[in-house]
Amino acid sequence: MNPIAPLPADRLLTFLLQAGVLLGTALVLGRLAQRVNLPAVVGELCAGVLLGPSVLGALDLWHGPDVEQMHLLDATGQLGVLLLVGLSGFELDMRLVRKRGATAAKISLGGLLVPLAFGVSAGFLIPLSLLSDDADRTVVALFLGVALCVSAIPVIAKTLLDMNLLHRTVSQLTLTAAVIDDIFGWLMLSVVSAMATTGFRAGTVVGSVLDIAAVVLVAVFVLRPVARVVLRRGSAIAPVTVIILLGAAATQALDIEAVFGAFVCGVVLASVTPRPETLAPLRTVVLTVLAPLYFALAGLRMDLTALADPQVAAVAVGILVLAIGGKFLGAWIGATFSGLTKWEAVACGAGMNARGVIEVIVAMTGLRLGVLNGTAYTTIVLVAIVTSLMAPPLLRRAMDRIEHTAEEQMRRNWPSVSEKKTEIP
């Protein structure tokens with residue numbers, strides 16, 4: 001058997017140039033965002049919008065990567081987002097989850113039901129021609145509901161890391177609620193995808209729930225004891241990276257999004273890693289190289305020129321208002337009923353409103369299945385970009401009004417990958 005030929009020289013050159021331009025632009029805009037008190041992720045998302053069809057493409061200055069090159073960039077970016085999510089699992093305070101899991105569940109429930117209802121209702125009212133020409137109205141409505149109710153663990157995690165807020169109790173509750181949101185979102189996405197292809201079957205729902213439960217049980221009872229032995233020997237960077245990637249591959253094989261597997265592995269590894277501060281070099285590479293490239297790619301797929309049509313623009317604004325209002329209102333209601341203060345409820349609503357790349361994944365799935373057309377895809381990605389841009393200033397404003405507790409200060413001083421001495425200047 002002849003060996004597979006390596007990547008042609010011209011393709012390698014193109015990949016290196018495109019990756020360098022994307023990353024360089026993302027880093028520059030990320031630094032500019034930080035100068036105006038926004039997290040770097042805001043500028044990184046805008047970098048893709050600038051270099052994509054929305055700006056430079058519309059001016060006929062750059063047409064972006066072709067399909068093969070985009071796949072190469074995607075593969076590189078996926079490493080970044082999976083490692084980012086895995087490392088964010090190290091920051092989750094499981095004692096707080098056990099202590100206040102009911103509170104996070106209430107926040108999540110409100111943040112799911114209200115935007116889901118808004119999205120489904122909009123799907124039945126908006127002209128089908130603006131969403132998909134051939135898809136079933138019910139499937140489109142359910143898909144739009146799923147798109148509006150998801151949160152984005154990668155964007156929320158990176159936003160909280162950039163703002164040095166992950167040690168705050170409200171941030172921990174928000175991230176926990178987002179995990180619950182996304183588990184439900186992935187489950188609903190699998191159900192709606194099945195309806196779009198083979199029709200609704202009860203076995204689809206049951207199978208997805210069992211798969212998620214199996215992943216958690218295997219991680220706790222199999223991965224944890226094995227990792228405890230492995231991580232006692234030598235540097236933790238390589239084995240942690242391998243475990244996170246294999247965990248992501250396992251959930252991807254089960255048709256559950258790979259970021260869920262990466263996050264579960266991160267949470268489990270955090271409980272058995274002897275010295276988590278030794279992961280600081282890995283965190284530096286992820287936050288400064290791999291993750292910015294991924295977020296730039298998310299913006300690169302967006303085409304804002306479709307909004308030149310007044311009818312499309314009106315629908316896009318309507319969906320955006322429903323997405324923001326529904327998520328904020330739902331999370332705020334859940335937080336209020338859980339006994340949180342006004343500003344804590346505002347912080348939860350602001351944090352969970354960041355949809356980011358998970359919304360992009362949902363939009364791309366809908367486009368591939370024919371549930372969404374190009375216009376609807378752009379509209380949903382617009383929701384991802386705008387909510388990711390607006391969440392940080394609202395979150396900062398709310399957090400400034402929430403008093404630090406002794407528990408938060410102790411958590412901040414834990415030896416972890418987010419320890420102050422390991423932060424990126």
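No hydrogens, no waters, no symmetry mates; every other heavy atom, side chains included, goes into these values. For reference, positions follow the sequence shown, starting with 1.
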Give me the one residue out of V85, T251, V264 that meets side-chain contact (heavy atoms from CB on, under 4.5 Å) with V259. V85
Please find the pair of heavy atoms, one from A33 and one from G43, that lie closest to each other, and give the distance. CB-N, 3.7 Å
Working to the nearest 0.5 Å, report the span between SG of C46 and CG of L51. 11.0 Å
Checking the side chain of R168 only, and the main-chain atoms of I402 only, is there a donor and an acceptor separated by less than 3.5 Å? yes
Sort and list the pairs that fulfil side chain to side chain donor-acceptor pair (under 3.5 Å) and have at least one residue in residues 105-116, not counting sequence neighbours. S108-D181
How many angstroms lie between atom CG of L45 and atom CG of L50, to the nearest 0.5 angstrom? 13.0 Å
Which heavy-atom pair separates W332 from A345 by the least distance, and what is that distance? CD1-CB, 3.4 Å
To the nearest 0.5 Å, atom CD of Q18 lies from atom CG of L23 at 13.5 Å
So, the side chain of N353 versus the backbone of I324: is there a donor-acceptor pair under 3.5 Å, distance only? yes
Quick one, L307 and V317 - any side-chain contact, counting heavy atoms below 4.5 Å? no
Going by heavy atoms in the side chains, are V285 and L83 under 4.5 Å from each other? no
Distance from L84 atom CG to L290 atom CG, nearest 0.5 Å? 10.0 Å
Tell me whether S151 contacts the main-chain N or O of A178 through its side chain, where contact means a donor paired with an acceptor under 3.5 Å. no
Return the CD1 to CG distance between I244 and L282, rounded to the nearest 0.5 Å. 7.0 Å
Inter-residue atom distance T288.OG1 - R283.CZ, 0.5 Å rounding: 10.0 Å
Shortest non-hydrogen separation from L300 to P65 and the atoms involved: CD2-CD, 3.8 Å
Flag yes if more than 12 heavy atoms outside F124 fall under 6.0 Å of its CZ atom; otherwise flag no. yes
Going by heavy atoms in the side chains, are L293 and V289 under 4.5 Å from each other? no
Identify the heavy atoms of G80 and V286 that sit nearest to each other, and give their distance. O-CG1, 3.8 Å
Kindly indicate, with the supporting measurements, whether the criterion side chain to side chain contact (heavy atoms under 4.5 Å, CB included) is fulfilled by V383 and L148. CA-CA 8 Å; V383 172; L148 264 59; 5.5 Å; no
Close side-chain approach of Q69 to L72, heavy-atom, < 4.5 Å: yes
